[in-house]
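Note sheet for the following structure.
When a residue number appears, it is its place in the shown sequence, counting from 1. Just so you know, ligand 1 is whichever comes first in the structure, and atom 1 is the first atom listed for that ligand.
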Amino acid sequence: MAQIIDGKAVSASVKEEVAAETAKLRDEHGLKVGLAVVIVGSDPASRVYVNNKKKACEAVGFQSYEYALDESTTQEQLLDLVEVLNRDSRVNGILVQLPLPKHIDEKAVINAISPAKDVDAFHPENVGRIMIGEYSFLPCTPAGVMRLIESTGVDITGKQCVVIGRSNIVGKPQAMLLLQKNGTVTICHSKTKNLKEICLGADILVVAIGRAKFVTGDMIKEGAVVIDVGMDRDENGKLCGDVDFESAEKRAGYITPVPGGVGPMTIAMLMKNTLTAAKQQAGIQ
Ligand code: GUN
């Protein structure tokens, strides 16, 4: 039976570290840390995410600045706001909640955010930095996954690491991070042949394909570390992951639950990135 990786506990310890450093920055340097969160329209899921980000800011001692814009906001108006935030010295990090309404080009907006304030690490400059290992920020979800793997004490060096999913936000950067930790990395996706065989070779399996219970126990190597990035609904409408937890936990050595695994890590890593941004902008290492 697998050991459950407790994402809530690991994320709480990341947030504690960030809160302690934030207090130190304030006491020793008189610095405040600020995160601007921009939401356009009234998507209920986005609203929940944005509220959670605001709460996390309060918990670690950041200032949060929320910009809730009407659905009818034009691309030009949004780009103007991003430009104002780029220049605002109270704002160390800028997060524009995605998805944006269809009439706005997401790429144009991401590209307009100053790379130094891009705490999502979505800007092409930051994406490129990850490729060459010279980054300041890591995208929050893959960074959270690395932290969860670290919490198991399993050394990535030389291990067979399989990532299922090739999105720009999770799969691709995840593979690079595992490679930087000396894993032997295979990226699989919806067109991959022999997926089961490849998965069975994985010492570390990260699943981010967006299909409910896609990975079953018979695809998992005995003792593997299984990290489930999925947030899906099962046939009864119940929240579940990309991994069939019930069968997988019988084979895995360590496994993340959904909810309570990767989910809580994402916001914790956003807080960490915002702190890093503030320190860099102030010239403090
Ligand atoms: N929408 C869902 N997840 C995210 C995220 O991590 N960052 C942003 N900006 N939007 C999102």
Side-chain angles (χ1 to χ4, degrees), residues 7 11 14-15 18 34-57 62 64-69 71 73 75 78-79 81-82 85-86 91-102 104-127 130 135-148 165-174 177 206 208-210 227-233 239 241-242 258-259 261-277:
S11 74
V14 172
K15 283 193 267 183
V18 172
L35 174 67
V37 179
V38 181
I39 175 169
V40 185
S42 52
D43 177 59
S46 291
R47 192 63 253 172
V48 172
Y49 285 132
V50 166
N51 288 346
N52 288 342
K53 285 166 190 172
K54 259 169 72 176
K55 274 190 219 150
C57 282
F62 293 175
S64 71
Y65 305 99
E66 184 185 311
Y67 296 83
L69 308 181
E71 180 86 24
T73 302
Q75 180 166 318
L78 181 56
L79 290 174
L81 173 61
V82 168
L85 297 174
N86 281 341
V91 171
N92 303 109
I94 302 170
L95 182 139
V96 178
Q97 186 67 25
L98 304 177
L100 289 167
K102 289 204 168 48
I104 298 178
D105 176 3
E106 283 184 358
K107 270 194 203 158
V109 176
I110 289 168
N111 291 355
I113 297 172
S114 161
K117 295 189 177 184
D118 168 39
V119 285
D120 266 323
F122 290 169
H123 190 286
E125 181 176 321
N126 288 323
V127 174
I130 292 163
Y135 46 79
S136 311
F137 314 121
L138 292 173
C140 302
T141 299
V145 169
M146 295 307 282
R147 195 70 188 232
L148 291 175
R166 54 174 159 178
S167 71
N168 288 331
I169 294 177
V170 184
K172 286 185 207 167
Q174 190 70 68
L177 298 186
V206 180
I209 194 160
I227 309 282
D228 187 349
V229 182
M231 272 284 193
D232 315 302
R233 298 268 166 194
L239 190 65
D242 291 353
V258 176
V262 175
M265 294 303 294
T266 301
I267 289 186
M269 301 320 277
L270 173 70
M271 298 298 113
K272 194 169 160 54
N273 279 350
T274 306
L275 176 69
T276 303

Query - Side chains of Leu95 and Val38 in contact at under 4.5 Å (non-hydrogen atoms) - result: no
Query - Qualifying salt bridge (Lys or Arg N to Asp or Glu O under 4.0 Å) pairs, either residue in residues 43-53, two or more places apart - result: Arg47-Glu66
Query raised in the report: Given side chains that start at C-beta, do those of Gln174 and Val145 come closer than 4.5 Å, heavy atoms only?
Result: yes
Query raised in the report: Will you find, in the side chains of Ser136 and Thr276, an N or O donor that is under 3.5 Å from an N or O acceptor?
Result: no
Run the side-chain donor-acceptor check on residues 118-126: report pairs under 3.5 Å with partners two or more places apart or on a different chain.
{"unit_1": "Asp118", "atom_1": "OD1", "unit_2": "Ala121", "atom_2": "N", "d": "3.3"}
{"unit_1": "Asp118", "atom_1": "OD1", "unit_2": "Phe122", "atom_2": "N", "d": "3.3"}
{"unit_1": "Asp118", "atom_1": "OD2", "unit_2": "Phe122", "atom_2": "N", "d": "3.0"}
{"unit_1": "Asp118", "atom_1": "OD2", "unit_2": "His123", "atom_2": "N", "d": "2.9"}
{"unit_1": "Asp118", "atom_1": "OD2", "unit_2": "Asn126", "atom_2": "ND2", "d": "2.7"}
{"unit_1": "His123", "atom_1": "ND1", "unit_2": "Glu125", "atom_2": "N", "d": "2.9"}
{"unit_1": "His123", "atom_1": "NE2", "unit_2": "Asn111", "atom_2": "O", "d": "3.2"}
{"unit_1": "Asn126", "atom_1": "ND2", "unit_2": "Pro115", "atom_2": "O", "d": "3.1"}

Requested in this report: List in chain and number order the residues that pass side chain to side chain donor-acceptor pair (under 3.5 Å) with Asn168, two or more places apart in sequence or in another chain; answer none if no residue qualifies.
Outcome: Lys172
Report task. Return the protein residues near ligand 1 (heavy atom under 4.0 Å from any of its atoms), ordered by chain and residue number. Result -> Leu95, Val96, Gln97, Leu98, Asp120, Phe122
